[in-house]
Amino acid sequence: MNNQQPGGHGWDGRYSYPAAPPQGNGGYGAPAARQPMVVIPRIAPEDMAQYYSQQQGYSQAPPNYHQSPGAYYQHPPPSPHGQPYSPHMQYMPPQQQILYNQPGYQMNFPHAPQNYSSPQMHHMPPPSYPAPSPIQQSQSLPHQQSHLQQPRPTSSQSGPVPPPPQQHVDQRRQSLTPSVPKTTQPAQQSQKLVEQRRQSSTPSVPKPSRPAQQAPPSLLAREPQVVITSMKSSTQSVKTNAPPVTKSISRPAYKSAPLASAPVIKSELKRDDAPANDVDYQQLLLSLADQYISAARSMSSDLTRSRLSTDLSKYHELMTSGLTCLDSAVNNWKISDPRGEAHLRLQYATLLLEETDNDDTALAVLSKGITVCERSKLRHQKFSMQHLLARVQFKTNPKAALKSIDSAIEDLVAFNNTLWTYVFRFLRVSLAMQRGATSDIPPTLQQLRSLVSLAESHRDIPVLVMAHILEASLYARSRSPESIEHAHRAIAAARSYQLDSSLQKIPQLRALVQFSDLCCDLATTTLDQLDAKVQVLQDLIDQLGSDSDAWMSSNFQIPTSVAATDNLQEETAGILRVVDSKASISFTWLNKNELFILGFLVSGAAKLQKNCLDERAEPLLSEGIKFAKSGSVDKKTSNKSLDNAFTSATREESLNMAAQILRVFALSIRSNWTQARQSLTDIATSHSMEAQEKYSQVLLYLDGVVKQAEGYLPEALACYTSSLLLLPPSAAKMTGPDLDLRILATLNRISILKSSPSTIAESEKLLDAVFPFCQNHPNPSIQSAANLLRTTTAPDLGMIKLKSFLQTSLACAQKSQNHQLISMVMNLMVVRFFGGIVGDQAEKSAMVGWQLSRKMRSPIWMAASLTNLAKCYNLHGKTDEAQKKTDDANAYWGKAPEGVRAHFGDGDM
């Protein structure tokens, strides 16, 4: 109970006292304040025998005082100061004996009643009720025995104390049998000694004495106990009525083996219920987790090739075992070092993100980790967890992830944290580009502008160049005419720093600038400078290929001007690294083999338009395919997660397939339909169904093109009328390559339908539907093809409209340098404007048509142009030359596919 002395301030805890208690009744009996005391009695061995004899239930000795081996001290002699005598007082100095009998000093003994909760007890005197028997005390809980306080004896309690019932005595005897541990807590000893003193000072009914039993040797051999000063921290334990907390033994700090995807953890772990000599289970769990995860990840490169179900099951078993050990180390062991706990949680959450789909578990681990970091002011660990938390949220709720990143950026800007502002702005831009929503373009551009401004103010040139590259890529994706112009400006801004010394150490940035510039030119069909840019890119690839130390992995670092410590990589789980004592931001792009594949792929695409002239596109594409087939994962050094390994393998397969598709286009441009058909067959047999599903639309279009060129028109129409290639109802609902392929399929379908009089009306209807999509298309070749079809489908087309369509088609074809369309337009002009006309202009036009068709390398168009030239010679009386051109035309016609010759007849041209 809350015991308050007159004139005092009460006590709010067992060992909590007023700083300066006033003198008078209830005072401490000392003129000055002293520290709270906990009395641990110091008694002699013979007194311990008497103490245990009384606890065993024996009656007290007769009133006459005598000392014998089998007697008890019932009425000891008074103390020199006239106070009741206590056996252990003979060991105290006289001054302490006086203090011992003061009420405030006796409050140090744990004999208060259990009820502390009644507010009326603050102003009530101690109750006068009989003291509970030792049997009742022994039946209470251990924590109650050590913290409950019994009432002090008063004058109203001086009557005889009845002996305890025999049943209780028997129970007490049974409780003290040798099978029960004899260990007694100091607080319990104090309580029982106080009970002994109370009984010794109170008259009782004499009973026959019994021989005393010997106390257990384990207790008699204990060291003498002394009075010690109570610690202030014990006050809280008394307030909550909790048992004494035993401080667990701190284990020495250890260094666990590093896991594959996270830094080395240096922490001090301890478990509350672990004994002092227990095994260091936390280190054992982390070591097992490291071994399981490393063993699993060593299989990842082989699994990308074999993909056997048994191997996948073994990988999952090993990874499950490793994650289970790591989960046990995180959740079942108390980590005293906040930094170590933050490292461990960050590592565990990273593995959950990379290896599993347990997003809820990862979010819970990161939430607790962020709380630990905020409480301990661990800045880098907190931001790393927020970075990882946004990536986990992006998998299920992209909008919420972007909002959380915006909130983090606001806080970082407010605290002027430049380094992590860079990191979160780059993360915001990357996730928004992965999402690909049109509504994300304006806020993403704003983030890039803020990033450029911040990098300029701190003169972080690599960060500035990376921001300009991302800006150009974002503009190029919008595919509008003004956006391509903005993209070229961003690339020019990035190229203005190409001589900076910091960029010479980062070949990835130089390669990114070259790739971005080439892709922008290809998107706008600007072919004037493509040859020079392709040569620069090829020189860079050759330089990197000859340097074995360059481009070691798919990771590269963008250095900043912020100083950093050596353990920055461990604290941020690899998000930030240290380069020349400066913090650098880690990015992931392509490994060296993927760089070679992409370099040859882009170079072949740049040469594709002119493949009918020099055929250089095919060797470049074939070289990229050869690198893709060789594989880029080294079995001995690969230690990726299964998801990253599959992602890398899928990316290589995608680049390989894109190169093979472009090679089919290159073969089609020069009318090599036999090899084109063989290449399509190789794609269908050498690639997985997942990759073919990704490129299913373009593969279906190429299948229709090859069938149309081979003369299988019904089969080609079946391909063009597939749901993947039908024209959309509105241009606003579809953009990009998807829309372009549908437009091209519709134009090819129109060219087939116009060859039959019964389907001319349908072709005109389709042309009216597709023409609005082609008029303002950014690709001039599509504009040229649409205007060319306008001149052939309408038989009653006027001369003015005919000339307008032909003029527009020829201008667009010349702009895009499309030699196939230029040849078609010129041969059509010869037929429509110079057919049956004698003159030098007609002969020159027929000769130009033949020369263009010869560059086109199409047997059909060469045969058609030679036939027109032979007719022109016949009109001019040049019969020998006409016959020679007719024979050449028949020879070229014989090289045409059999399906085409069967459609037009096997006769001579």
Side-chain angles (χ1 to χ4, degrees), residues 612-613 669-673 708-711 713 751-752 754-757 760 784-785 787-811 813-814 818-909:
C612 59
L613 300 178
I669 287 175
R670 63 183 186 91
S671 301
N672 191 346
W673 306 112
Q708 181 181 358
E710 291 176 344
L713 302 183
S751 64
I752 295 175
K754 65 95 180 179
S755 61
S756 176
I760 290 180
S784 176
N787 284 276
L788 180 61
L789 287 176
R790 277 292 188 187
T791 63
T792 58
T793 55
D796 55 347
L797 188 65
M799 185 60 64
I800 296 178
K801 290 184 178 181
L802 176 63
K803 289 183 178 180
S804 176
F805 288 140
L806 287 175
Q807 184 179 1
T808 304
S809 179
L810 182 60
Q814 290 175 345
N818 193 320
H819 294 274
Q820 290 178 312
L821 288 174
I822 293 174
S823 176
M824 293 178 186
V825 172
M826 289 302 299
N827 282 279
L828 185 60
M829 290 175 63
V830 169
V831 174
R832 298 297 298 269
F833 296 142
F834 300 101
I837 298 177
V838 177
D840 293 338
Q841 187 67 29
E843 185 176 348
K844 291 180 180 178
S845 298
M847 181 59 68
V848 170
W850 152 243
Q851 292 176 353
L852 293 175
S853 298
R854 186 174 58 181
K855 292 181 180 180
M856 187 178 175
R857 297 190 182 185
S858 172
I860 299 175
W861 283 99
M862 284 192 291
S865 61
L866 284 174
T867 301
N868 292 333
L869 183 59
K871 291 180 179 179
C872 183
Y873 284 157
N874 283 326
L875 289 176
H876 289 78
K878 301 178 180 180
T879 56
D880 294 337
E881 295 180 1
Q883 185 61 38
K884 184 178 179 180
K885 297 301 180 183
T886 301
D887 295 338
D888 293 339
N890 292 331
Y892 284 117
W893 181 249
K895 297 179 181 179
E898 295 181 2
V900 175
R901 287 184 284 136
H903 181 75
F904 288 98
D906 293 333
D908 297 338
M909 289 293 293

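No hydrogens, no waters, no symmetry mates; every other heavy atom, side chains included, goes into these values.
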Between CZ of R854 and OH of Y892, what distance do you get to the nearest 0.5 Å? 8.0 Å
Nearest heavy-atom contact between C612 and M856 is CB-O, 4.0 Å
More than 12 heavy atoms from other groups under 6.0 Å of CD on Q807: no
Are any side-chain N or O atoms of T867 and backbone N or O atoms of A863, one a donor and one an acceptor, separated by less than 3.5 Å? yes
Does the side chain of E843 reach to within under 4.5 Å of the side chain of C872, using non-hydrogen atoms? yes
Where is the tightest heavy-atom contact between L852 and S823, given as atom of each residue plus distance? C-OG, 3.6 Å
Grab the two heavy atoms, one from S865 and one from G849, that are nearest each other, plus how far apart they are. CB-O, 3.7 Å
Between atom CG of L810 and atom CG of N787, what is the distance when rounded to the nearest 0.5 Å? 11.0 Å
Write down the atom of V830, the atom of S845, and the distance for their closest heavy-atom approach. CG2-O, 3.3 Å
In terms of side-chain heavy atoms, does N818 have a donor or acceptor partner in S784 at a distance below 3.5 Å? no
Are the side chains of V900 and E710 in touch, meaning some heavy atoms are under 4.5 Å apart? no
Rounded to the nearest 0.5 Å, what separation is found between the CZ atom of R670 and the CG atom of L613? 12.0 Å
Do K801 and R790 come close enough that some side-chain heavy atom pair is under 4.5 Å? no
About how many Å separate NZ of K884 and CG of L866, when rounded to the nearest 0.5 Å? 11.0 Å
Test item: R832 side-chain N/O and T791 main-chain N/O as donor-acceptor pair under 3.5 Å: yes
Below 4.5 Å, heavy atoms only, C-beta onward: do M862 and W893 meet side chain to side chain? no
Taking the side chain as every heavy atom from C-beta outward, state whether Q708 and S751 have any atom pair closer than 4.5 Å. yes
Shortest non-hydrogen contact from H876 to I837? CE1-O, 4.2 Å
Evaluate the side-chain proximity of F833 to M799: yes if any heavy-atom separation is below 4.5 Å, no if none is. yes
Distance in Å, Q820 CD paired with S853 OG, rounded so as to fall on 0.5 Å steps: 11.0 Å
Between CH2 of W850 and CG of D888, what distance do you get to the nearest 0.5 Å? 6.5 Å
Minimum-distance pair of heavy atoms, taken over all atoms of N874 and T879: OD1-CA, 4.1 Å
